[in-house]
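Notes follow the structure.
Values reported hereafter were calculated over all heavy atoms of this structure, with side chains retained and with hydrogens, waters and symmetry mates removed. Model, not experiment: these values are computed from the prediction. Residue numbering restarts at 1 for every chain, and letters A, B, ... go by the order of the sequence lines.
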Amino acid sequence: MMILGLFSVGLSLVFFVLHSLLGGTELSASEAFYEISFSLFLHLLLPLISALIGTGIIANEVEERTLIYLLTRPQPKWKIILAKTLAGYITAGLILLIALLATYSVMSALAGDQGWMTLFSDLSRICGVLLLGLLVYLPLFGVLGAFLKKPVLAGLLFTFGWENLVAYIPGKIRLFTVVHYLHDLFPHFRKVRGNSETAFFLNIFITDQDLSTPISISILVLLAALFTGLLLSVLYLREYRLEQN
Amino acid sequence: MPIYERSYLSWEGQLLDKPRTWWIIGRTGVRLAWKKSVALLLILAAVPFIFRAGQIYLSSRMGNTSFLAELAEGIQIDAGFFMSFMKDQTFLLLLILIVCGAGLIANDRKFKALPIYFSKPVGFWDYLIGKFLVIVCYGGVITVIPAILLFIGQILLTGTPGYFSRYYYVPFSILGLGAATLVTLGGIMLVLSALSRGTRSAAIIFFALVYIPEMLRRIFSGMNDWGWISIRANILQLGAILFGLRRPYPFPGCLAFLSLAVVTAACLAVLRHQIRPTEVVK
């Protein structure tokens, strides 16, 4: 997972350095950071890392046939799942934040004229959005991992299929996606209007801020609570047996 | 009442020089993959095909006399139409490759089945071709075969020899692009399957490897000369050349081909290193 984070950060930095050296279109360090944090971190790394960790919370124990032994411990079932979820959350959060901070630091160092603190408030906000997104996606994928045989497929279909498809449908159907509320909280949309291909896609995804910040946060927290509750109750709802063969 | 000797009975069959074990491995792989969620994905992948078939029907049947003439005029059934269809199938192709390919080698390594494979008259190439056959089978079903069917449908519906004489190269382009896509993406999937012990991590990393460079290429769209770093961009560039269309990116077509060839060669080298056949003792 760390390799995944480092790969994306390393590649984005290589691109940025080459872009600066070759004198491409006018894309400043701050604009590049916003676009990278939005496209790469929010739309790709967040769901991918969540899927990788989340689907494994219960599914890994089932596949390795260790869940039965885990449940023999003198601990309530919900506590075991909660601990595993928290561990996953911290791991995924650290990977995302370290990768984001590394990208931001190197980009602000390369920009030269701008100090590290220039975009610090937006950086903090982006970190908050990612952590909030993780709070929803991780238990969501955990539930998928507990109930489905192909949780990664379902997760990819949901995040890269449904959530992207809905962006092209007019009306309020976007309210049925998680990423919509994350978009509302993301500082990017009120700051950057580039001419790149990404800017074109961003304009399709989001037109204006639909909901106020407290409402978006409340909905995300509610979704997180719902999915976490479902995940914690999985072991009570479903019986896992050790296969004899 | 017959009395059987309860001792070892020697096999009296004939050993084949070339037993085509790759075919057996491939056939079994296809059968096993079918038991996964492939059917659902194939149904999903059929939706764009039906939509495109509808477009072909509209453009050929509505003509100038119909009230849908304006709509039909907007649909150009040229080489770009088939290229566009194959391009649109990419996301589902990735999902199909994940479902079929993530566990192909990973499961054999996980359950330590490789020594069992190679204790039989199975070589590295037999094993690899057999596994690759699974990817080609399901990948081809949603890309190459429907594109060819659409082309045949267009020929049959228009009924004019002029169309075929103008676009006779399209089936070859479809085959070429399909082969380039499946060899490259299939190779990457097999490498990740061979490197990772779990199917989930192989699937996620595969998705990341394809999409992260493409996303960065989009962000830094000012430096399209470096677009060859994205596998997807390379495939599209190569496809545009094969279909005789305007190239979508400014980097040379040979660079796209070279880039895909390097990726494939690297995949082969890694697979050669990871899949080590033991010596067969006869």
Residues of residues 91-100 of chain B under 4.5 Å from chain A (heavy atom pairs)?
F91(B), L95(B), I98(B), V99(B)
Tell me every residue that passes side chain to side chain contact (heavy atoms under 4.5 Å, CB included) with T177(A), counting only those two or more places apart in sequence or in another chain.
W162(A), E163(A), V166(A), V179(A), H180(A)
Which residues satisfy the salt bridge (charged side-chain N to carboxylate O under 4.0 Å, His left out) test with K131(B), sequence neighbours excluded?
D108(B)
Output, in order, the C-alpha distance, side-chain angles, deciding distance and verdict of side chain to side chain contact (heavy atoms under 4.5 Å, CB included) for V152(A) and T199(B).
CA-CA 9 Å; V152(A) 170; T199(B) 55; over 6 Å; no
Tell me every residue that passes side chain to side chain donor-acceptor pair (under 3.5 Å) with E61(A), counting only those two or more places apart in sequence or in another chain.
T66(A), K84(A)
Derivation of the side chain to side chain contact (heavy atoms under 4.5 Å, CB included) call for L157(A) and L44(B)
CA-CA 11 Å; L157(A) 269 173; L44(B) 272 178; 4.2 Å; yes
Proximal component of L48(A), with respect to chain B [non-hydrogen, under 4.5 Å]
both
Under a 4.5 Å cut-off applied to non-hydrogen side-chain atoms, are E63(A) and R200(B) in contact?
yes
Quick one: does L41(B)'s side chain get under 4.5 Å of L153(A)'s, heavy atoms only?
yes
Do I204(B) and T55(A) come within less than 4.5 Å of each other through their side chains, counting heavy atoms only?
no
Heavy-atom check, side chain of F160(A) versus side chain of Y211(B), under 4.5 Å
no
